[in-house]
Novice: 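Please see the structure below; I have some questions.
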Amino acid sequence: MAVQDGEPADRSGSPHPTVSSADFARKFGQLRQMQDDQPIFVTHHGRATHVLTTVRHYTALKDANGTDRAEMIATTGLHELANCLSIGVLLIDYDLRIVAANRVAHVQLNWQDGDLTGRQVFEALPVLRRSLIKTYVQRAVASREPYSAEIPSLFRDGAWVRAEIHPFAQFVTVLFHDITDDMKTHRLADARKSLREAIAAHDGVGYVCLNTRGHIDQAEPTFCEIIQLPEGRLRHVAMADLVPVGRRVAFREALDCVLTGEGARTIDSAILSSEGQAVPVRVTIAELRGAYGNEGAIVLLTRQ
């Protein structure tokens, strides 16, 4: 097989058949026809990262003293792959000894990079003994079945992790995903839903959601009742235009402070109904902040 255009030979300078990682899947049928003693280098951005070879050639890689060089190469490749991941990875053999651990796992477990390799997992990491992870690892070793659990983090207070245990032929892989943000998002989402339901059931409290320009995006039924207009008529209306002229400056100043990130504001004000009557209200304005910054404000009001 010819060397691909633009792909280098191996690092020693001797020519070897190569295939880019992008072409690997497409050309796999052709690659299977290689000679038994002909390794094929898989490259990424022009750099050889993996070697494809046959089982026969793999078996022939053993040293005369019985050391399995192929296994060593495979373990090194797995370690390099694990270091490319942004989650914690532990590779454990079936004697519960750590074969490899990536940099993220070392950071999560408060170890210096590389110091975990070769240690008994539960001796090196006693924190795992008091968790479901120990039980799941032992079950995976005994049954060769995968397990997963979402548990409070063993490494950081107030955090959550998803632990996944996957048994393979020679190793058990333990993955640690930090899911703190997801857990907080879902929990806060439930709290916000309950709060909206409580406000809707309380006929003395109303609220509207404003965009970054101070225009109404959403209006709650109690607010619509105070204004005596349906929500469809209120959308895209400037909130300040619903405040009597004499109180408009104070409202705009409070709204500007919130939208510029200066914190929530509470003022006594009034709101105009469709009949032109000024309804006295106490107004609290708070910022709506999303993952990418300010998304507007929420205006909560009660009749006075």
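Note that the numbering runs from 1 along the sequence shown for the chain.
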Novice: With no hydrogens and no angle check, do the side chains of T43 and S20 hold a donor and an acceptor under 3.5 Å apart?
Specialist: no
Novice: Looking only at heavy atoms, what is the nearest atom pair of G263 and V258, with distance?
Specialist: O-CG2, 3.3 Å
Novice: Nearest 0.5 Å, what's the CG-CG distance between L288 and D217?
Specialist: 9.0 Å
Novice: Should I216 and L210 be marked as a side chain to side chain contact (heavy atoms under 4.5 Å, CB included) after you check the CA-CA gap, both sets of side-chain angles, and the distance that decides it?
Specialist: CA-CA 5 Å; I216 296 174; L210 310 182; 3.7 Å; yes
Novice: Quick one: does any side-chain atom of R248 pair with a main-chain N or O of A240 as donor and acceptor, under 3.5 Å?
Specialist: yes
Novice: Quick one: does T173's side chain get under 4.5 Å of V89's, heavy atoms only?
Specialist: yes
Novice: For Q304, look at atom CD and say whether over 12 heavy atoms of other residues, nucleotides or ligands are found less than 6.0 Å away.
Specialist: yes
Novice: Report the distance from atom CG of N211 to atom CD of Q218, rounding to the nearest 0.5 Å.
Specialist: 12.5 Å
Novice: Quick one: do T135 and Y147 satisfy side chain to side chain contact (heavy atoms under 4.5 Å, CB included)? Show the steps, please.
Specialist: CA-CA 10 Å; T135 301; Y147 293 91; over 6 Å; no
Novice: Nearest 0.5 Å, please: how far is CG in D95 from CG in D93?
Specialist: 5.0 Å
Novice: Taking G296's backbone N and O only, do any of them form a donor-acceptor pair with T212's side chain (distance below 3.5 Å, no angle check)?
Specialist: no
Novice: Report yes or no: does T49 contribute a side-chain atom to a donor-acceptor pair with the main-chain N or O of V42 at less than 3.5 Å?
Specialist: yes
Novice: Can you give me the closest heavy-atom contact between N102 and I87, atom names plus distance?
Specialist: ND2-O, 2.8 Å
Novice: For the residue pair E164 and S148, what are the closest heavy atoms and their distance?
Specialist: CG-CB, 4.0 Å
Novice: From E220 CD over to E225 CD, what is the distance, rounded to the nearest 0.5 angstrom?
Specialist: 9.0 Å
Novice: Would you say L125 and L90 make side-chain contact, with heavy atoms under 4.5 Å?
Specialist: yes
Novice: Are any of the side-chain heavy atoms of I271 and I227 separated by less than 4.5 Å?
Specialist: yes
Novice: Write down the atom of A297, the atom of L255, and the distance for their closest heavy-atom approach.
Specialist: CB-CD1, 4.2 Å
Novice: Spell out, as yes or no, whether a donor-acceptor pair under 3.5 Å connects the side chain of R97 to the backbone of G118.
Specialist: yes
Novice: Any non-hydrogen side-chain atom of F122 less than 4.5 Å from a side-chain atom of V137?
Specialist: yes
Novice: For residues F41 and A48, report the shortest heavy-atom separation together with the two atoms involved.
Specialist: CD2-CB, 3.7 Å
Novice: Can you find a heavy atom in the side chain of Q138 that is under 4.5 Å from one in the side chain of V141?
Specialist: no
Novice: Would you sort out whether V174 and Y136 count as a side chain to side chain contact (heavy atoms under 4.5 Å, CB included), showing the intermediate values?
Specialist: CA-CA 10 Å; V174 183; Y136 287 161; over 6 Å; no
Novice: In Å, rounded to the nearest 0.5 Å, how long is the span from CG of L96 to CD of E123?
Specialist: 10.0 Å
Novice: In the structure I gave you, are the side-chain heavy atoms of V19 and L52 within less than 4.5 Å of one another anywhere?
Specialist: no
Novice: Could you work out, with side-chain hydrogen bond (donor to acceptor under 3.5 Å, both in side chains) as the rule, every residue matching S273, not counting sequence neighbours?
Specialist: none
Novice: Looking at CZ of R103 and CD of Q112, how far apart are the two atoms once the value is rounded to the nearest 0.5 Å?
Specialist: 13.0 Å
